[in-house]
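Notes for the one structure printed next.
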Amino acid sequence: METARRMKYFRKPAFADLKACTGPDPIDFTLGSPDIAPEPSIMEAIQKAAGEPQNYKYAVTALPQLIQAVQDWYHNRYSTDLDPEEICLLQGSQEALINLPLVFCNPHDGILIPDPYYPVYEQAPRLAGADVLYMPLKPENHYLPDLEAISQEDRQKAKLILVSYPNNPTGAIAPDSFYEELIRFAKENDILIIHDNAYSELVYDGQPGKSFLSFPGALETGVELNSFSKTYGMAGARLGVLAGNREAISAYRELKRSLDYGIFLPVQYGGIEALEHGGGSIPETRQEYEQRRNLMVAEFGKAGWHIPSCEATMFLWAPIPAGMTSEAFALRLAETAGVLVTPGSRFGPEGEGFVRIAMVQDAEKIREAARRIADSGLFDSRS
């Protein structure tokens, strides 16, 4: 049976091909799935709620306690006050990344996205029939888009601009001046900002994670996605938040009412526990990822692979040897070392020349990966 043309925008995950090239014990740095479990109290809250028969009904209306917990968290964490009408719960933030273009774009409207990008940033606009307008992220510009360089044609065409800091895949963060410029740009061009803020608690070296919504004018110009996946280790539980401009939130709710029946109530109770009492583990989680980052940069460097240290997220954005494509390098690394990384080309044209390494293995596995890389002959460990 022939599939729709839109299916051409989806690619098989890189790790599926890479694993076929390894021996029986690959070390997998491809998928950004946290290996640090939620706090016990969060799991206990979900387990307790899952034992209550009434919690298996449709959850069309979000639990008021969870909405209040989100309000309190934004107030305490970001000094930002939100009304309930400015909050919508999600089955993971990817839900909104997929559906927001459907809400706001007609066919051939434009969506400005970063390049390199998290893959759904490109897939979702194409599913909606919108046109993708790329904003290159260059190392020399600290992986920030040059808003001034966006053409007048693209400004007129664009309905949405999608940004994400801390950034996946580059690990970069944005200064306050960027958010201020972004808000001015959106107002001048009547464009809605979507800020994907999944990694605000994984910022290193003593720097604070920030919210786009804490900047003046943000609630007039955009929405923000926040996630329980990385902060609280709840990736599989699928719980996220869309917050910000109330007209945009109202429009999104209109679509959501037709698509699903809410979030499984035990997961919502887990979210309440996370926001109200689960913050104690956040510094420990951040420290664990920071230690992995430091160890990986040091040990891979000894093996000859010199990787810049990331400022945030759970990823390293690693340059590869000249003369190889990122796909070819990832395959060679899998074949010769049994180490799996994601080719940068999977994140867009600007990703060529890099691979993404997810910091989802413990110290023992990182050291073993470094030993294998040194033995692979892909790098000169004497340099």
Side-chain angles (χ1 to χ4, degrees), residues 60-62 66-67 70-71 73-75 78 80-114 117-118 120-121 123-125 127-133 135 145 147 154-165 174 178-198 200 210-227 239-260 262-263:
V60 177
T61 302
L66 182 50
I67 297 296
V70 172
Q71 289 178 276
W73 190 75
Y74 259 88
H75 175 81
Y78 299 123
T80 298
D81 292 320
L82 298 170
D83 292 335
E85 294 76 18
E86 295 169 332
I87 298 168
C88 181
L89 298 185
L90 306 169
Q91 294 176 344
S93 58
Q94 185 144 316
E95 173 204 309
L97 289 169
I98 293 169
N99 291 328
L100 280 165
L102 294 172
V103 176
F104 293 103
C105 293
N106 293 312
H108 301 298
D109 283 340
I111 301 180
L112 289 157
I113 73 165
Y117 48 75
Y118 181 53
V120 76
Y121 295 176
Q123 294 163 350
L127 287 174
D131 293 340
V132 175
L133 311 173
M135 301 182 293
L147 300 179
D154 283 355
R155 293 173 190 230
Q156 293 174 347
K157 188 180 183 67
K159 292 292 185 69
L160 304 174
I161 180 169
L162 204 160
V163 296
S164 175
Y165 294 98
F178 170 75
Y179 291 109
E180 293 161 358
E181 181 186 4
L182 177 66
I183 290 167
R184 285 195 301 270
F185 175 86
K187 285 182 176 180
E188 290 170 359
N189 295 285
D190 192 25
I191 297 172
L192 182 72
I193 299 166
I194 302 171
H195 182 245
D196 186 4
N197 196 22
S200 70
K210 298 181 180 180
S211 167
F212 155 72
L213 297 181
S214 68
F215 289 86
L219 286 170
E220 302 167 33
T221 55
V223 293
E224 178 168 272
L225 293 157
N226 229 308
S227 171
L239 182 61
V241 173
L242 179 67
N245 182 272
R246 84 175 52 216
E247 288 78 19
I249 298 296
S250 176
Y252 187 82
R253 283 198 182 120
E254 284 297 312
L255 177 68
K256 188 170 175 62
R257 275 193 281 266
S258 300
L259 294 183
D260 65 60
I263 295 137

> Can you tell if the side chain of Leu89 reaches within under 4.5 Å of the side chain of Val241, non-hydrogen atoms only?
Replying inline: yes
> So, do Pro84 and Gln71 sit near enough that their side-chain heavy atoms are less than 4.5 Å apart?
Replying inline: yes
> Do you know which two heavy atoms are closest between Gly244 and Ile249, and how far apart they sit?
Replying inline: O-CG1, 3.9 Å
> Within a strict 4.5 Å, meaning less than it, do heavy atoms of the Leu182 and Ile161 side chains meet?
Replying inline: yes
>> Can you give me the closest heavy-atom contact between Ala158 and Ile191, atom names plus distance?
In response: O-CG1, 3.5 Å
> Between the main-chain N or O of Gly217 and the side-chain N or O of Glu220, is there a donor-acceptor pair closer than 3.5 Å?
Replying inline: no
>> Quick check against the 3.5 Å criterion: does His195 have a side-chain atom that pairs as donor or acceptor with the backbone of Tyr165?
In response: yes
>> As an exercise, state the distance from CG of Leu219 to OG1 of Thr80, rounded to the nearest 0.5 Å.
In response: 7.5 Å
> What are the two closest heavy atoms between Asn226 and Ser93, and how far apart are they?
Replying inline: O-CB, 4.3 Å
> Quick one: are Glu95 and Leu259 in side-chain contact, heavy atoms under 4.5 Å?
Replying inline: no
>> Let me confirm one number: the CG-OG distance from Asp81 to Ser214, rounded to the nearest 0.5 Å.
In response: 11.5 Å
>> A side-chain contact here means heavy atoms from C-beta on lying under 4.5 Å apart; do Pro216 and Ile183 qualify?
In response: no
> Under 4.5 Å between any side-chain heavy atoms of Leu100 and Leu162, yes or no?
Replying inline: no
>> For the backbone of Leu82 and the side chain of Glu86, can you confirm whether one donor and one acceptor N or O come within less than 3.5 Å of each other?
In response: no
> Looking only at heavy atoms, which two atoms of Ile113 and Tyr117 are closest? And how far apart?
Replying inline: CD1-CD2, 3.8 Å
>> Looking at every non-hydrogen atom in both residues, tell me the closest pair between Pro125 and Val120 and how far apart they are.
In response: CD-O, 4.0 Å
> Which heavy atom of Gly222 sits nearest a heavy atom of Leu213, and at what distance?
Replying inline: O-CD2, 4.2 Å
>> How long is the straight-line distance from CG of Leu242 back to CG of Leu97, given to the nearest 0.5 Å?
In response: 9.0 Å
> Going from SG on Cys105 to CG on Leu127, what distance comes out if it is rounded to the nearest 0.5 angstrom?
Replying inline: 12.5 Å
> Rounded to the nearest 0.5 Å, what separation is found between the CD1 atom of Ile193 and the NZ atom of Lys187?
Replying inline: 9.5 Å
> More than 12 foreign heavy atoms under 6.0 Å from CZ of Phe215: is that the case here?
Replying inline: yes
>> With a 3.5 Å distance limit and no angle check, can you tell me whether Ser164 reaches the backbone of Asp196 through a side-chain donor-acceptor pair?
In response: yes
>> Rounded at 0.5 Å granularity, tell me how far OH in Tyr179 sits from OG1 in Thr221.
In response: 12.5 Å
> Counting only N and O atoms by type, is there a donor-acceptor contact under 3.5 Å from the side chain of Lys256 to the main-chain atoms of Leu90?
Replying inline: no
> Do Phe212 and Val163 touch side chain to side chain, with heavy atoms closer than 4.5 Å?
Replying inline: no
>> In the structure I gave you, are the side-chain heavy atoms of Tyr121 and Val132 within less than 4.5 Å of one another anywhere?
In response: no
> Do Asn197 side-chain atoms and Leu225 backbone N/O form a donor-acceptor pair below 3.5 Å?
Replying inline: no
> Considering the options Asp154, Asp109, Asp131, Asp190, which one meets the salt bridge (charged side-chain N to carboxylate O under 4.0 Å, His left out) requirement together with Lys159?
Replying inline: Asp109
> Any luck finding a side-chain donor-acceptor pair between Tyr74 and Glu224 under 3.5 Å?
Replying inline: yes
